[in-house]
2 protein chains.
Amino acid sequence: MLTDRQLLILQVIIDDFIRSAQPVGSRSLSKKNEIQFSSATVRNEMSDLEEMGFIEKTHTSSGRVPSEKGYRFYVDHLLSPQALQQQDISQIHSIFAERIFEMENIVQRSAKILSELTNYTSIVLGPNQQENRVKQIQVVPLSEGTAIAIIVTDTGHVESRRFSFPKDLKAEDIEQMVRLLNDRLAGTPLMELHDRLYKEMAILLKRHIANYDLMLQAFAEIMNVPVHDKLFFGGKMNMMNQPEFSDIEKLRLLMDMIEREDNLYNLIRPAEGIGIQVKIGKENENAAMENCSLITATFPIASGQKGSLAILGPTRMEYSRVISLLNMLSGDLSKALSNLYGKSQER
Amino acid sequence: MLTDRQLLILQVIIDDFIRSAQPVGSRSLSKKNEIQFSSATVRNEMSDLEEMGFIEKTHTSSGRVPSEKGYRFYVDHLLSPQALQQQDISQIHSIFAERIFEMENIVQRSAKILSELTNYTSIVLGPNQQENRVKQIQVVPLSEGTAIAIIVTDTGHVESRRFSFPKDLKAEDIEQMVRLLNDRLAGTPLMELHDRLYKEMAILLKRHIANYDLMLQAFAEIMNVPVHDKLFFGGKMNMMNQPEFSDIEKLRLLMDMIEREDNLYNLIRPAEGIGIQVKIGKENENAAMENCSLITATFPIASGQKGSLAILGPTRMEYSRVISLLNMLSGDLSKALSNLYGKSQER
DNA sequence: GTTAGCACTCTGTTAACACGAGTGCTAAAT
DNA sequence: ATTTAGCACTCGTGTTAACAGAGTGCTAAC
C-alpha cells in the first residue's frame with residue numbers, strides 16, 4: 001500500500017490544489033513546511049502516486065492534479081474532520097434564531113445560508129409531503145360554479161386547488177360531500193388520496209349523494225397532489241465563481257442540468273440510510289457533473305421520514321469543511337423539523 | 001431631419017446587427033438588395049448618422065454599431081409591426097389550452113413559453129394580491145398550542161400561516177374569534193388586514209373574548225401578508241447564450257441583479273397606464289443592465305388591477321418580434337385572468 | 001450628387017522565440 | 001538502500017513581428 005510519506009504527499013497535493021486550483025509541482029511542494037524532502041524525492045514519490053492513479057498530469061511537464069481516484073482516497077482516508085469556525089456555527093444557528101413555524105421557511109433559509117458559507121450550490125429537500133396525512137378538507141365556494149378545495153395535513157402543510165363544478169350541484173350537496181370526505185379520509189396519506197377517493201368513496205357517495213358522479217369528477221383532480229417534493233436551492237449561480245467553470249460552455253451544461261430539477265431529484269434522494277454520502281465526478285453518472293462533486297447528508301425526521309441536504313461543488317471542493325457543515329446543519333435540521341412535525345402528529 | 005435614405009440605412013444597419021451581433025460595414029451593406037448605392041455613398045451617410053449619434057464605431061476603422069439613441073429611434077419610428085409566425089401563435093395558445101384554475105399556474109406557464117419563444121429572460125408579474133379581499137378565514141388546530149390559519153381571498157388565493165398560541169386559550173375561544181373575524185373582516189383587502197385587526201377588532205375582541213390580548217398577538221403576525229407579489233421567471237439562464245454576455249463578469253453582474261428580486265420589482269411594475277414600454281440600455285438606471293433592454297407590457301385585469309409581462313434581453317434585441325409577442329400574450333392573459341377573477345368577484 | 005481609388009487603421013491570426021515551471025533520469029552523496 | 005544534486009528535455013505562456021482582412025476617410029474623377 002501507500003507509505004506514510006506518500007500519504008503525506010498526496011494529502012498536501014490535494015489540499016494545495018483545492019486551495020489554488022493550480023497543478024502543483026515538486027519544487028513548490030518541497031518548499032512547504034510539512035515536506036522535509038528535496039524536490040527530487042518528491043518527484044519520485046509523485047511518479048509512484050501517478051502510477052497508482054491517484055494523481056495526474058495535465059500535460060507532459062506540468063504539475064500534478066488529483067484524479068477522481070485521488071479524491072476518493074482523500075475523502076475515504078485522509079480527511080481530518082476539521083473543526084468549524086465559530087463564525088460558521090453562529091451563522092447556522094441564526095437559521096433557527098427566530099421562532100419558525102413553516103417547514104418551507106426553515107428549509108429555504110438553510111439552503112441560503114449553506115450556499116453563502118460554502119460558495120457552492122446548495123440543494124435542500126424537505127420531508128416528503130406525500131406521506132403526510134390529511135388533517136382536514138375544506139371547500140370554500142367562490143362564485144357560482146367554482147370553489148377552492150383546501151387540504152390541510154397533519155404537518156401543517158396546506159394544499160389548495162381551484163375547481164369548477166356543474167351548476168346543478170347544490171351547496172348542501174357539497175357540504176355533505178366535504179363532511180363525508182373528512183369522516184372517511186382524515187388520516188389518509190396524501191399519496192393514497194386519489195386511489196381511496198375512487199375505490200372506497202365512490203361506493204359511499206353513490207348511496208348518499210345525488211349527482212355523485214359529477215361530484216367525484218370535480219374532486220378527482222383536486223386530490224392529485226404533486227408527485228414529488230420541491231427542491232430548495234441556494235447559490236444557484238455560485239458555480240460561476242469557480243475557475244473550472246470559467247468556460248461558459250461547461251457552465252451552461254451544468255446550469256441546464258440544474259434547471260431540469262427532476263434529474264436532480266434522483267441524485268439528491270439516496271435510497272440508502274442516514275448520513276453523509278460523497279459522489280465524486282463521474283460517480284454522479286451525469287455528463288454535466290463530471291467536474292462536480294455532490295455531497296449529500298440524509299437525516300431522520302421524527303415521523304420516520306427523511307430529509308436531505310446537498311452541496312454541489314467542483315470536484316476540487318473543500319470536502320472537509322463542507323462535510324463538517326453538513327453534519328452540523330443536518331443535525332440541527334433533524335431536531336428542528338422533528339420538533340415541528342412531531343408536535344403536530346399527536347392526535 | 002433624416003432623409004429617406006438615411007432612414008433606410010439606419011434601419012438596415014440595426015436589423016443586421018440585431019441578427020449578427022457584428023459591427024456592420026459599408027461594403028457589406030452596399031451588397032444588400034435593399035441598398036442600391038455604392039459602399040462609398042453608404043460610408044458618407046454612415047458618417048452623418050454617426051455625427052447625429054445614431055450609430056457608433058467600436059474602434060477607428062470598424063463597422064458601425066447602433067447606439068442607444070439609435071435603438072431608441074428605431075423603436076420609436078422604424079419598427080414595422082411584424083406578423084407573428086403561426087408557430088408562435090399556437091405556442092401561445094397552448095398556454096390556455098387546458099382549463100386552468102390557478103393564477104400561478106397560468107402565469108408560470110406564460111413565463112416559460114415566452115422565454116422559449118424569444119430565447120431571452122421573461123418576467124411575469126401577476127395581479128396584485130394585496131388588493132384581493134378576504135373571502136373567508138379559517139383556523140385548523142394541529143396540536144396543543146399550534147394551529148394553521150388560512151385566509152382565502154375572493155380571487156381564490158390561499159394564504160396559510162402556522163402559529164402557536166398559549167395553552168390557556170380554549171378551543172371555543174378560538175372558534176369564536178374566527179367567527180368574529182369572518183363577520184367583520186370579510187371583504188377587507190389584504191393590505192388593510194393588519195391595521196384593521198388592531199384598530200377595529202381590538203375593541204370588539206375586548207368585549208367578547210377572554211384572553212383577547214393573547215389572541216390578538218397570535219393573529220397579528222398571521223395577518224401580515226407579504227408586501228409584494230411574486231415574480232415569475234422564465235429562461236433565467238438564457239442570457240448566457242447572448243454573445244454580449246460571453247464575458248463571465250458581465251454575466252455575473254446581471255445574474256446577481258436578477259437574483260435580487262426586489263430591485264427588479266420596481267423595474268417591472270411601471271407606474272403608468274396600460275401598454276408596451278421599452279427601456280433601452282442605460283434608461284434602466286441600473287449598471288448591470290446597461291447592455292440590456294427591458295420591454296414591459298402592462299395589461300388590465302377586470303377587477304381594475306394590472307398585470308405585467310416583461311422581456312429582458314440584450315439591447316441588441318429583436319424588438320419587433322418581442323413586442324408582437326408581448327402584445328398578443330398580454331391580450332390573452334388579460335382576458336384569461338379577467339375571466340378567472342371576474343367570475344369569482346360576483347358576490 | 002455619386003463613385004472609384006487609395007492610404008491608413010484596427011483586429012485577429014500565425015510563427016518564432018525566450019522564459020519559467022516542471023519532469024525524468026543518472027550519478028554522486030549519505 | 002535512500003536521498004539528493006544536476007542536467008537535459010518538454011510543454012505552456014507571453015511577447016513580438018509580420019501579415020491578411022475588413023473597414024474608414026478623403027480626394028479626385030464621373
Student: Would you sort out whether M46(A) and L29(A) count as a side-chain contact (heavy atoms from CB on, under 4.5 Å), showing the intermediate values?
Tutor: CA-CA 11 Å; M46(A) 284 169 94; L29(A) 268 186; 4.2 Å; yes
Student: Please report the distance, rounded to the nearest Å, between CD1 in I13(B) and C1' in dT24(D).
Tutor: 13 Å
Student: Side chains of M240(B) and F245(B): closer than 4.5 Å at any heavy-atom pair?
Tutor: no
Student: dA22(D), dT23(C), dT2(C): which one has an atom nearest the side-chain heavy atoms of S26(A)?
Tutor: dT23(C)
Student: To the nearest Å, how far apart are D16(B) CG and dG23(D) P?
Tutor: 10 Å
Student: Please examine the side chains of T121(A) and I311(A), heavy atoms only from C-beta on, and report whether any two atoms are closer than 4.5 Å.
Tutor: no
Student: What's the CD-C1' distance between E51(B) and dT24(D), to the nearest Å?
Tutor: 15 Å
Student: In terms of side-chain heavy atoms of F37(A), which of dG24(C), dG25(D), dT4(D) is nearest?
Tutor: dT4(D)
Student: Taking only nitrogen or oxygen atoms into account, show me every contact under 3.5 Å that the protein makes with nucleotides 4-7 of chain C, one pair per line with its distance.
Tutor:
| unit_1 | atom_1 | unit_2 | atom_2 | d |
| --- | --- | --- | --- | --- |
| dG5(C) | O6 | R43(B) | NH2 | 3.1 |

Student: Classify the ring geometry between Y74(A) and Y319(A) as parallel (under 30°), tilted (30 to 60°) or perpendicular (over 60°).
Tutor: perpendicular
Student: Students often get this wrong, so: under 4.0 angstrom with heavy atoms, is S62(A) touching a base, only sugar-phosphate, or nothing?
Tutor: sugar-phosphate
Student: Would you mind reading off the distance between R27(B) atom CZ and dT9(C) atom C1', rounded to a whole angstrom?
Tutor: 18 Å
Student: Provide, to the nearest angstrom, the distance between the CD atom belonging to Q36(A) and the C1' atom belonging to dT4(D).
Tutor: 15 Å
Student: dG25(D), OP1 or OP2 - any side-chain N/O from R64(B) closer than 4.0 Å?
Tutor: yes
Student: Measuring to OP1 and OP2 of dC10(C), would you say a side-chain N or O of T60(B) lies under 4.0 angstrom away?
Tutor: yes
Student: R321(A) and Q85(A): side-chain donor and acceptor closer than 3.5 Å?
Tutor: no
Student: To the nearest angstrom, how far is I35(A) atom CD1 from dT3(D) atom P?
Tutor: 13 Å
Student: Report the distance from atom CG of N44(A) to atom C1' of dG22(C), rounded to the nearest whole Å.
Tutor: 14 Å
Student: Rounded to the Å, how far apart are Q22(A) CD and dG20(C) C1'?
Tutor: 14 Å
Student: For K57(B) and dA22(D), is the shortest distance between a side-chain N/O and OP1 or OP2 below 4.0 Å?
Tutor: no
Student: Check the phosphate of dT3(C) against T41(B), side-chain N and O only, distance under 4.0 Å to OP1 or OP2. Yes or no?
Tutor: yes
Student: Could you tell me whether R72(B) and D76(B) make a salt bridge, using a distance below 4.0 angstrom between a side-chain N and a carboxylate O?
Tutor: yes
Student: Tell whether S61(A) reaches the base of dT23(C) with its side chain through a donor-acceptor pair below 3.5 angstrom.
Tutor: no
Student: P314(B) versus M239(B): any side-chain heavy-atom pair under 4.5 Å?
Tutor: yes
Student: From C-beta outward on M46(A), which listed nucleotide comes closest to its side chain: dG22(C), dT23(C), dG23(D)?
Tutor: dT23(C)
